[in-house]
Visitor: 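Structure incoming, see below.
Letters go in sequence order (proteins before strands), and every chain restarts at 1.
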Protein chains: 2
Amino acid sequence: MKSSGQTTINDVARIAGVSKKTVSRVINRSPLLNDDTRRRVEDVIAELAYIPNPQARALALRRNFLIGLVHDNPNAQMVMNVQQGILEALHGTEFELVVRPVDRGSATMLVDLRHFLERQRLFGLVLLPPISENDTIAKLCAEIGCRYVRMGSARLDDDDHMVASNDCEAVRGATEYLIAQGHRRIGLIAGPHGFRSARERRLGFEQALADAGIALPRSMIADGTYTFESGLTAAERLLDLMPRPTAIFACNDEMAAGVMHAARQRGLDIPKDLSIVGFDDTPVAAHVWPPLTTVRWPIASMARSAALKLTAGLDGEDIVEEPSLFLSTLIRRASVAAPSH
Amino acid sequence: MKSSGQTTINDVARIAGVSKKTVSRVINRSPLLNDDTRRRVEDVIAELAYIPNPQARALALRRNFLIGLVHDNPNAQMVMNVQQGILEALHGTEFELVVRPVDRGSATMLVDLRHFLERQRLFGLVLLPPISENDTIAKLCAEIGCRYVRMGSARLDDDDHMVASNDCEAVRGATEYLIAQGHRRIGLIAGPHGFRSARERRLGFEQALADAGIALPRSMIADGTYTFESGLTAAERLLDLMPRPTAIFACNDEMAAGVMHAARQRGLDIPKDLSIVGFDDTPVAAHVWPPLTTVRWPIASMARSAALKLTAGLDGEDIVEEPSLFLSTLIRRASVAAPSH
DNA sequence: TTGTAAGCGTTATCAC
DNA sequence: GTGATAACGCTTACAA
């Protein structure tokens, strides 16, 4: 070991009595290596507690050991869950996680992202919804040679490049649950236009009503933007209807919390006068009063699989096929009851 | 530009008719450079849209252009705000943000962190509370030669190595507000033992009562762990008291939300029967019913300053002294009123 | 199966 | 002020 710093590949080579290249082969698990040699080198590596320098590897390989998380998702808990899932997958590997929020509205978003990818030569990208729905970004990655996996509410890409939840079916199930409770006048607070998740969730809602033979007048659907305030405003419109809905499905928890405020402000009792269902099962769902019935999707597991897809087949590991489709669960809490009239 | 890939320093040097070293000097804003030369090189750089390769720089400089965010904070919104603040500071620079959650309880935490730092040779670290309160980590950074800035509820280090909020004074102010509303029996739900923020907030609470000449029986203080459930449990104990408190200060919003549930379960009206104040101003504070009066601290600004301290004086930029102390604000919402009896 | 030489794209050293 | 030349620590040809 040179006095100046860390143990290098040269130290290992010298002490093991082999060339650097042989050590390099051991590090990279080259199959064409004498077992004796490999073992000898591995012993020296262990003894010196040698760790290959990621910067040098990055330079030589023309590729960094960084996984990027690209997102424009305003929901903190969601982003954190994704980070946690990715880090779980990356734990014990040489990969690190770099976060990169982007602004969907910005005109320079694509150019910025391209610069970022070209400069940093990331190993791969996990794309969070809603930006993951942008096909141009996927094409950009393919063009630059950066691996990517997109997370989404439905199949956005081929299996190697996406993990998806089944939002449509999940919402259908949740709506069927409301119907089973006896509700017939059910309002929907939809998500923002252009969001795939909004489309899928609305579709599931409509299907459930259609299957049950319940008419869905346009007035029972209010537009929202996934924010608390938009939920509040939309709920005010729905609650002005005569007769008003006995239940409201909000396409995410934030908006459902807004519905609760709107109901409370008019003195409505939840769930007696109004049942409410949300989507996401963010912490707010459990912490509002009454606790919110909602749909939980396995966001951390999905992110974990996404990261594993990215790094699959690198370490000479057995290639385990990661799942691409993930199922959601209806979490039943106190915000739903049979209609009282 | 070679056919294979990106523009390199060699291309710039060749076309500008200077040596690589001179280009390097331009990139690194060396002061000893002929203005003519500099301008010529800069022109070529602009023309070729040349971007220095961060991997090669990292190898040569023995230091990466990565800022690490080390945290063990369970609050998603808080972590996201910090990330946002750091990224704001890093925007337009060559730095990227790497996130590194750690497990405070783990026996190998320090060893893992050391490995991480030695391997990745991070440029610097932003440490989030509560892990930022750990002096051993600061020493580790100093030893390894990794810059760091600690975020905290009070001055944890010298000005170059910390940014702090004034939790003690903020809570004193919030408590004085309750007192000014007429409250005399005020309960405290404290934070976890060993957390500096818990200590500071409790201190502020005690000071305010003492200053107002209000006795604080031990029974009026309940232990919490910054979680919703602990807030609920602690509130149940406080609300069992005879006479019960007319107001409760919870040391964070999560616990305050728990207090609301506990109050609701016993049919207490908020704020008529019980006033509640929280701390942090996380989204839940605005979304519970009634909206929660709470203390907001400028977490993103603090993180931004932390990152700026880390990267200060690099680009030959004017060195602007970043502030070290940040003030909190009391956000008055509907969860507080004068006591009704 | 292993080793040698030549990069990868940058910065540091030390002359000129 | 500027430029050869040698690092930085690793990998990829290409030999042997």
Visitor: CZ of A:Arg29 versus P of D:dT11: gap in Å, rounded?
Guide: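 So the two atoms are 13 Å apart, to the nearest Å.
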Visitor: On the nucleotide D:dG3, are OP1 or OP2 found under 4.0 Å from the side-chain N or O atoms that B:Ser19 carries?
Guide: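 B:Ser19 to D:dG3 OP1/OP2: side-chain N or O found under 4.0 Å.
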Visitor: Whole-Å distance between D:dG3 C1' and B:Leu33 CG?
Guide: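 After rounding, the reported distance stands at 12 Å.
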Visitor: Could you state the CZ-C1' distance from B:Phe65 to D:dC8, rounded to the nearest angstrom?
Guide: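 These atoms are roughly 14 Å apart.
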Visitor: Taking atom types as they are modelled, would you say the side chain of A:Lys21 forms a donor-acceptor pair with the base of D:dT12 within the 3.5 Å cutoff?
Guide: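 Per atom types, no contact qualifies.
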Visitor: At under 4.0 Å, does any side-chain N or O of B:Arg25 touch on OP1 or OP2 of D:dT2?
Guide: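 Negative; the distance criterion is not met.
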Visitor: Report the distance from atom CZ of A:Arg63 to atom C1' of C:dC8, rounded to the nearest whole Å.
Guide: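 The distance from CZ of A:Arg63 to C1' of C:dC8 comes to 14 Å, rounded to the nearest Å.
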Visitor: So does B:Ser24 get a side-chain nitrogen or oxygen closer than 4.0 Å to the phosphate oxygens (OP1/OP2) of C:dT10?
Guide: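 Answer is no, no contact under 4.0 Å.
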Visitor: Both B:Arg40 and A:Asn10 contact DNA chain D. Taking the nearest nucleotide for each, which residue is further toward the 5' end?
Guide: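 Looking at the nearest nucleotide for each, B:Arg40 comes out on the 5' side.
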Visitor: Are any of B:Thr37's side-chain N or O atoms less than 4.0 Å away from OP1 or OP2 of D:dT2?
Guide: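 B:Thr37 to D:dT2 OP1/OP2: side-chain N or O found under 4.0 Å.
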Visitor: Between D:dT11, C:dT10, D:dT2, which nucleotide gets closest to the side-chain atoms of B:Ile9?
Guide: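 My answer, after comparing the listed nucleotides, is C:dT10.
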Visitor: With no hydrogens and no angle check, just 3.5 Å: does a side-chain donor-acceptor pair link A:His115 and A:Asp112?
Guide: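 The criterion, which ignores hydrogens and geometry beyond distance, is not satisfied for A:Asp112 and A:His115.
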Visitor: Is it the case that the side chains of B:Ser324 and B:Lys309 hold a donor-acceptor pair, with the cut-off being a distance below 3.5 Å and no angle test?
Guide: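 There is such a pair between these side chains.
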Visitor: Specify the separation, in whole Å, of atom CZ of B:Arg57 and atom P of D:dA7.
Guide: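 It works out to 22 Å between those atoms.
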Visitor: Examine the side chains of B:Asn28 and B:Ser30 and answer whether a donor and an acceptor come within less than 3.5 Å of each other.
Guide: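 No, no side-chain donor-acceptor contact under 3.5 Å.
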Visitor: Let me know the distance between CG of A:Leu59 and C1' of D:dT12, rounded to the nearest Å.
Guide: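 About 13 Å, once rounded to whole Å.
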Visitor: Select one nucleotide: of D:dT11, C:dT11, D:dG9, the one nearest the side-chain heavy atoms of B:Arg121.
Guide: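 Nearest to the side-chain atoms of B:Arg121, counting from C-beta on, is D:dG9.
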Visitor: Can you check the B:Lys20 NZ to C:dG7 P distance for me, whole Å?
Guide: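 Those two atoms, NZ and P, are 12 Å apart.
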Visitor: At under 4.0 Å, does any side-chain N or O of A:Asn28 touch on OP1 or OP2 of D:dT11?
Guide: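 Yes, A:Asn28 has a side-chain N/O under 4.0 Å of OP1/OP2 on D:dT11.
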Visitor: Counting side-chain heavy atoms from C-beta on, which of D:dT11, C:dT10, C:dC8 comes nearest to A:Leu61?
Guide: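 The closest nucleotide is D:dT11.
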Visitor: Is the side chain of A:Arg38 donor-acceptor paired with the backbone N or O of A:Pro31 at a distance under 3.5 Å, no angle test?
Guide: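 No, A:Arg38 side chain to A:Pro31 backbone: no donor-acceptor pair under 3.5 Å.
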Visitor: In this structure, how many angstroms lie between the C1' atom of C:dA12 and the CD1 atom of B:Ile27, rounded?
Guide: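 Taking atom C1' of C:dA12 as the reference, CD1 of B:Ile27 is at 14 Å.
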Visitor: Measure the CZ-CD distance between A:Arg304 and A:Glu88 for me, rounded to the nearest 0.5 Å.
Guide: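 Separation between the atoms: 5.5 Å.
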Visitor: Kindly compute the distance separating CG (B:Leu127) from CG (B:Leu113), expressed to the nearest 0.5 Å.
Guide: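 Here the interatomic distance stands at 8.0 Å.
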Visitor: Look at the side-chain N and O atoms of B:Thr22 and state whether any lies under 4.0 Å from the OP1 or OP2 oxygen of D:dG3.
Guide: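 For D:dG3, OP1/OP2 do have a side-chain N/O of B:Thr22 under 4.0 Å.
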Visitor: Could you tell me whether B:Val18 contacts a base, only the sugar-phosphate backbone, or nothing, with contacts defined as non-hydrogen atoms closer than 4.0 Å?
Guide: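 Contact class for B:Val18: sugar-phosphate only.
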Visitor: Reading DNA chain D from 5' onward, which residue's closest nucleotide shows up sooner: A:Asn53 or B:Asn34?
Guide: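 Upstream on the strand: B:Asn34.
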